[in-house]
Protein chains: 2
Amino acid sequence: MVRSDARENRERILVVAREVFAEPGEASLNQIAQRAGVGAGTLYRHFPTREDLVLAVYQDEVERLVGAAPELLAANAPIDGLRLWTTDLVAAMRQKHGLGEALGQSAHQAAADRSYGPVMAVITAFFEAGKADGSIRVDAHPADFLMLTGALWRAIGHADADSGRMLELILDGLRTR
Amino acid sequence: MVRSDARENRERILVVAREVFAEPGEASLNQIAQRAGVGAGTLYRHFPTREDLVLAVYQDEVERLVGAAPELLAANAPIDGLRLWTTDLVAAMRQKHGLGEALGQSAHQAAADRSYGPVMAVITAFFEAGKADGSIRVDAHPADFLMLTGALWRAIGHADADSGRMLELILDGLRTR
DNA sequence: ACCTGAACACCGTTCAAGT
DNA sequence: ACCTGAACACCGTTCAAGT
């Protein structure tokens, strides 16, 4: 039985952690605990290690994005919905850049692996809608789109590349002509 | 004018740091200073930040490998020399895995960029020797070899891939037939 | 059953005092 | 001109005492 205060504390820590990780500079776990209004031991109880906390925030973010997809799909033309969703994804990954730096390469990989399925499911849903209404080429592959998108957010910090324009380029490749 | 004790201290710190980074687990800068027999302030004077130290060790390693190449080239058939050199490179990169985890993704990229030129020069030298004596295909590209080798050491920690066998496969692709 | 927050060992960093 | 090492503020982590 999980006590309600425990659940609330966990949620509050997660919210603060997401804010803090999005900010520039590092923050200590003690600071996060303080900002969340909980004792240091409470944070440690919920997230034994910094990595656990980072992973939980990451996971939360992916779930939020995946959960928002059906609404975008219902309210927009497939390609437009996909653009909106991918823009959100890239924005989230920009934050995760801050997260990813804190994560070891292996933990990072594990996190990416875990989110692969749900993310692919979302992309596939947009693709199928687009293929059904004739706006997306029938021979377009969701996996290719994900790979290109991955290259896109990997390029974010590096170059002065305009991610919006790059995304447009990728989306153009999907269109029927 | 650099005093000789300063140079010796720097060298000693670098040697200890290389050892320490190769060991499992983390080590504090204070511990490294102590093991190197210098005061904490001395380490800090030479390497203002942890990243500076990691980068210096990395740089040192690449220089050592590049410096050892001519000898290998002189004493072996081109393909054999290349195998020996690449094996050393992969072994060094395996250690660098420990280094790389400590480095931010951007600093890591910068370090890789800086070593690209010298490493390519070495590979090119082996290739030219091999093309001259007819053991390596004239249409083989050093850049391709480096890319495949990169994929090789990226796979090290991940899978149970036998890097020796993978290297042999790559080398076979270079041979004239 | 869970939380608080003082306490602990240790971290990176600084700087007065030495040579 | 450079080094030492005590000192400082702060870190992650623990745990007795509370509710």
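Reminder, nothing fancy here: chain letters follow the sequence lines and each chain counts from 1. Atom set for the values below is all heavy atoms of this structure, side chains included, hydrogens, waters and symmetry mates excluded. As the structure is a prediction and not an experimental result, all values here were calculated from the model.
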To the nearest Å, give me how far apart CD (B/Gln31) and P (D/dC11) are. 19 Å

First of A/Arg7 and B/Gly41 reached from the 5' end of DNA chain C, by closest nucleotide: A/Arg7

Would the number of heavy atoms belonging to other residues, nucleotides or ligands and lying under 6.0 Å from CD of A/Glu168 be above 12? yes

OP1 or OP2 of D/dC11 versus the side-chain N and O atoms of A/Ser28: is any pair under 4.0 Å? yes

So do the side chains of A/His141 and A/Phe145 get within less than 4.5 Å of each other, counting heavy atoms only? no

Send over the distance from A/Leu29 CG to C/dC11 P, rounded to a whole Å. 17 Å

Which part of the nucleic acid, if any, lies within contact of A/Ala6, taking any heavy atom under 4.0 Å across all strands shown: a base, the sugar-phosphate backbone alone, or nothing? sugar-phosphate

Nearest whole Å is fine: how far is D/dC11 P from A/Leu43 CG? 13 Å

Please state whether the phosphate of C/dT4, meaning OP1 or OP2, lies under 4.0 angstrom from any side-chain nitrogen or oxygen of A/Thr42. yes

C/dG12 phosphate, OP1 or OP2, under 4.0 Å from B/Thr49 side-chain N/O: no

A/Glu23 with A/Arg35: basic N within carboxylate O range, under 4.0 Å: yes

Please check the phosphate of D/dC2 (OP1 and OP2 only) for any side-chain N or O of B/Asn9 closer than 4.0 Å. no

When the distance from CD of B/Glu8 to P of D/dA1 is rounded to whole Å, what number comes out? 19 Å

note: B/Ile13, atom CD1; D/dC2, atom P; distance rounded to Å ~ 13 Å

Using Watson-Crick geometry (N1-N3 plus N6-O4 or O6-N4) or G-U wobble (N1-O2, O6-N3), each under 3.5 Å, C/dA9 is paired with none

Test side chain to side chain donor-acceptor pair (under 3.5 Å) applied to A/Ser135 and A/Asp133, step by step: CA-CA 6 Å; A/Ser135 60; A/Asp133 74 5; 2.8 Å; yes

Whole angstroms only, please: what is the CZ-P distance between B/Arg50 and D/dC11? 17 Å

Examine C/dC3: is either OP1 or OP2 under 4.0 Å from a nitrogen or oxygen in the side chain of A/His46? Give yes or no. yes

In whole Å, what is the span from the CG atom of A/Asn30 to the P atom of C/dC11? 16 Å

Validation row: A/Tyr44, A/Thr49 side chains within 4.5 angstrom (heavy atoms): no

Atom OH of B/Tyr44 to atom C1' of C/dG12: distance rounded to whole Å? 7 Å

Please give the nucleotide sitting opposite D/dA17 as a Watson-Crick or G-U wobble pair, both distances under 3.5 Å, or none. none

